[in-house]
Amino acid sequence: MMQGVAAPKDPEKKRPFFYIMKDKEIFGSVQEDGRGIQYLYQDAGRLINSAQIVGNIEDEETLKLMETVDGFRKLVHSIGVSVETEDPKDQVEFIFQMYGKNDIYGGGTNLTATFSGDGAEKRIYLSEADWQEDDHVPGQIKILLETPEKLAKISVRLYLNDGYTAPEVSEEQNVDVCSVPYRNMIAKSLIQTGNTYRIYRAIQRARVGENVTLAYIGGSITQGAGATPINTECYAYKSFQRFQKIVGRTENIHFVKAGVGGTPSELGMIRFDRDVLRDNVQPDIVVVEFAVNDEGDETKGDCYESLVRKILKLPNHPAVILLFSVFADDSNLQERLIPVGLRYDLPMVSVKNAVTPQFYGRESRILTKNQFFYDMFHPSNLGHTIMADCLANLYREIMRSVEEKGVADSDYRPDLFDGEPAIGATFDDIRLLDKKEGYEKAVIDCGGFTQTDTVLQSVEMDLDLNLTPEFPYNWMYDGTVSKDSYFEMKITCKALVMVFKDSGEVDAAKAEVYVDGKWVRTADPYVNGWLHTNPLLLFAEPETREHTVRIEIAEGDKDKKCTILGFGYVE
């Protein structure tokens, strides 16, 4: 008997939706089990920002609901996920992790699905999840890829419950990076070429085959966040390649990348010698990128200017380029930092000046925020390309200027530091003190800080995809084994910055910091809520003298852990 065609299941009700990711490029870093993993953070306003710039959501109620897990559950019916991998048969595991209120990483619900990398959408229904009592806020998305270190693309859209609406999905035009409008946009990034001598000297030396090193120091954007893969698609490496092309040489031009996510110039000035001058490197050009990180600079620019001066004072007199990146809310700190560039007549490049005005010109727009940004803080691959093109434009403008004048500006080193700084020069000569880098005028009693922490913020240096831990020569207190709960140091100096470890773990301890017997501040590991390296200014005085610094674990936390990563001191 012939069997008829089976009737299809009733189609699911068509629901309004909006994207929080659309064709976002991902790149799985190798795990111990051989798979690749990509983290996409959704906390701290990131999910809301994605809804705005990817999903075109403007409704305040909708945006407000995404702040908490309770609101998210009220708004979202299901999550549609699709991933395209190089081999469509590859298995992909998707995890949307909710952070817990009491236990950030261990207390929340995980929304999971496993599917093939063929681009077909799979839905996760919130009604089927086993929700946890500790659920607090949407935290992070983890994508586990069967094949590591391969590019893939992911799209995620939120289907909405009854009673909620979403705008129509708008199509974006491809960006023509060879067009005249694009080149004009890039040209707007140039604030000034400044004194051309140091950069032109590096270009000429590179052209004749001498060794020349380009170094980059900054925050997560310099680390390469948002670039996939992070080592070769980041603005630092792309601009390095453009420099090679401009001068017509490759083998004699060298690359140093030293970006650390979530950290300001207050930390950059301490780690500069270790991270940039390692292996006796003497950079010829240093790009400084802290314009979106320095809200956390307690000195409001003194640390930034001190870092710039520290670089300019190096024996080989390198060029310094000030690079001002931008967040998705159009903010950066270039107005605070530009006076430093003016004071030393430095080349300055503003990505904000290039891209932000055109975001709002519907008729003349070259690219959208969704195309430029990977998330609310970091550029996409296209965004990193634009940043690299802005730096390349600077080099070309300097070469054009020199050719027109017939000679580069004269070197102004002899009087460079005459007169007052623009903001401050308190930390020009700051140095690192840790278990490896000693200081003869520092006497340390470790007390209970006798362990060495190995669970540290780690970054991809240079072209390496492997992670290098930050501040591995540290002092750790472990309340499960330590009897004493203090660290004490007598040190002769005029300024001191403490570097300690932030954490989102439940066993992280607060520490009270005293200088010369007086309480100065609390080192709180939950300020940022993630594995992070945090500098704290303890004192800055006009004269050098001996101080006693005592760090004590807070009452109620003595069974937990605390790590002093190091100190920055000025003699």
Side-chain angles (χ1 to χ4, degrees), residues 29-32 37-39 41 43 103-106 139-140 142 217-225 230-231 256-279 293 296 431-438 444 446 448-462 464-482 487 497-511 513 523-536 551 553 557 560-568:
S29 300
V30 180
Q31 289 195 117
E32 290 184 0
I37 190 166
Q38 172 83 53
Y39 295 94
Y41 299 103
D43 63 328
D103 183 353
I104 294 177
Y105 301 118
Q140 63 178 328
K142 292 183 280 190
I217 186 167
S220 56
I221 295 176
T222 295
Q223 184 181 339
I230 196 169
N231 58 339
V256 172
K257 184 185 73 171
V260 177
T263 63
S265 55
E266 188 174 356
L267 184 71
M269 66 181 185
I270 295 172
R271 63 182 182 83
F272 177 81
D273 291 355
R274 182 198 67 189
D275 289 354
V276 175
L277 304 186
R278 53 193 146 100
D279 302 322
N293 284 68
R431 298 181 67 183
L432 171 64
L433 169 62
D434 60 13
K435 278 184 179 177
K436 181 182 179 183
E437 303 295 335
I444 295 173
C446 295
F449 286 72
T450 56
Q451 310 296 307
T452 300
D453 199 340
T454 58
V455 182
L456 304 169
Q457 182 179 12
S458 299
V459 298
E460 302 87 351
M461 304 287 281
D462 305 337
D464 200 353
L465 278 173
N466 296 315
L467 295 172
T468 298
E470 284 292 300
F471 297 92
Y473 305 103
N474 54 69
W475 297 273
M476 184 177 79
Y477 168 85
D478 184 345
T480 64
V481 297
S482 299
F487 173 100
V497 178
M498 171 186 171
V499 184
F500 79 102
K501 173 183 166 180
D502 270 347
S503 175
E505 301 295 341
V506 294
D507 62 349
K510 293 181 181 179
V513 183
D524 183 351
Y526 296 113
V527 169
N528 294 284
W530 57 288
L531 185 57
H532 175 258
T533 304
N534 200 3
L536 290 178
I551 299 164
I553 301 299
D557 284 358
K560 299 179 181 179
K561 298 176 182 178
C562 179
T563 301
I564 302 168
L565 296 168
F567 297 91

Taking atom [atom1] of [X] and atom [atom2] of [Y], what is their separation to the nearest 0.5 Å?
X    : Y    : atom1 : atom2 : answer
M476 : C446 : CE    : SG    : 12.5 Å
S482 : I553 : OG    : CD1   : 8.5 Å
K142 : Y41  : NZ    : OH    : 9.5 Å
I230 : Q38  : CD1   : CD    : 8.5 Å

What are the two closest non-hydrogen atoms of [X] and [Y], and how far apart are they?
X    : Y    : result
M498 : A523 : CE-CB, 4.2 Å
D462 : V256 : OD1-CA, 3.3 Å
F567 : I551 : CZ-CD1, 4.1 Å
G566 : D434 : CA-CB, 4.4 Å
K560 : Y477 : O-CE2, 3.3 Å

Please name all residues satisfying salt bridge (Lys or Arg N to Asp or Glu O under 4.0 Å) with [X], sequence neighbours left out, ordered by chain then number.
X    : result
D524 : none
D275 : R271
K257 : none
D103 : none

Is any side-chain heavy atom of [Y] closer than 4.5 Å to one of [X]?
X    : Y    : result
F449 : N474 : no
L536 : V513 : no
L432 : V499 : no
Q457 : L565 : no
I444 : W475 : yes

| field | With sequence neighbours excluded, residues passing ring pair (Phe, Tyr, Trp, His ring centres under 6.0 Å) with Y105 | value |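 Per chain and number, Y105 pairs via ring pair (Phe, Tyr, Trp, His ring centres under 6.0 Å) with Y99.
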| query | NZ of K510: more than 12 outside heavy atoms within 6.0 angstrom? | reply | no
How would you list, by chain and number, every residue that makes a side chain to side chain donor-acceptor pair (under 3.5 Å) with [X], sequence neighbours excluded?
X    : answer
Q140 : Q97
T563 : D453
E266 : none
N528 : D502, H532

N/O donor-acceptor pairs under 3.5 Å from side chains in residues 465-473, not counting sequence neighbours:
{"unit_1": "N466", "atom_1": "ND2", "unit_2": "D464", "atom_2": "OD1", "d": "3.4"}
{"unit_1": "E470", "atom_1": "OE1", "unit_2": "R274", "atom_2": "NH2", "d": "2.8"}

| request: Identify, with sequence neighbours excluded, every residue that meets side chain to side chain contact (heavy atoms under 4.5 Å, CB included) alongside A508. | output: S503, P525, Y526
| Among all residues two or more places apart in sequence or in another chain, which pass the side chain to side chain contact (heavy atoms under 4.5 Å, CB included) test with N293? | E289, F290
| request: Take E460 and N231 through the side chain to side chain contact (heavy atoms under 4.5 Å, CB included) test and state the conclusion after the steps. | output: CA-CA 7 Å; E460 302 87 351; N231 58 339; 5.9 Å; no
| said: Under the criterion side chain to side chain contact (heavy atoms under 4.5 Å, CB included), I'd like the reasoning laid out for R278 against M461: C-alpha separation, chi angles, the key distance, then a yes or no. | reply: CA-CA 12 Å; R278 53 193 146 100; M461 304 287 281; 3.4 Å; yes
| Can any side-chain N or O of T480 pair as donor or acceptor with the backbone N or O of D478 at less than 3.5 Å? | no
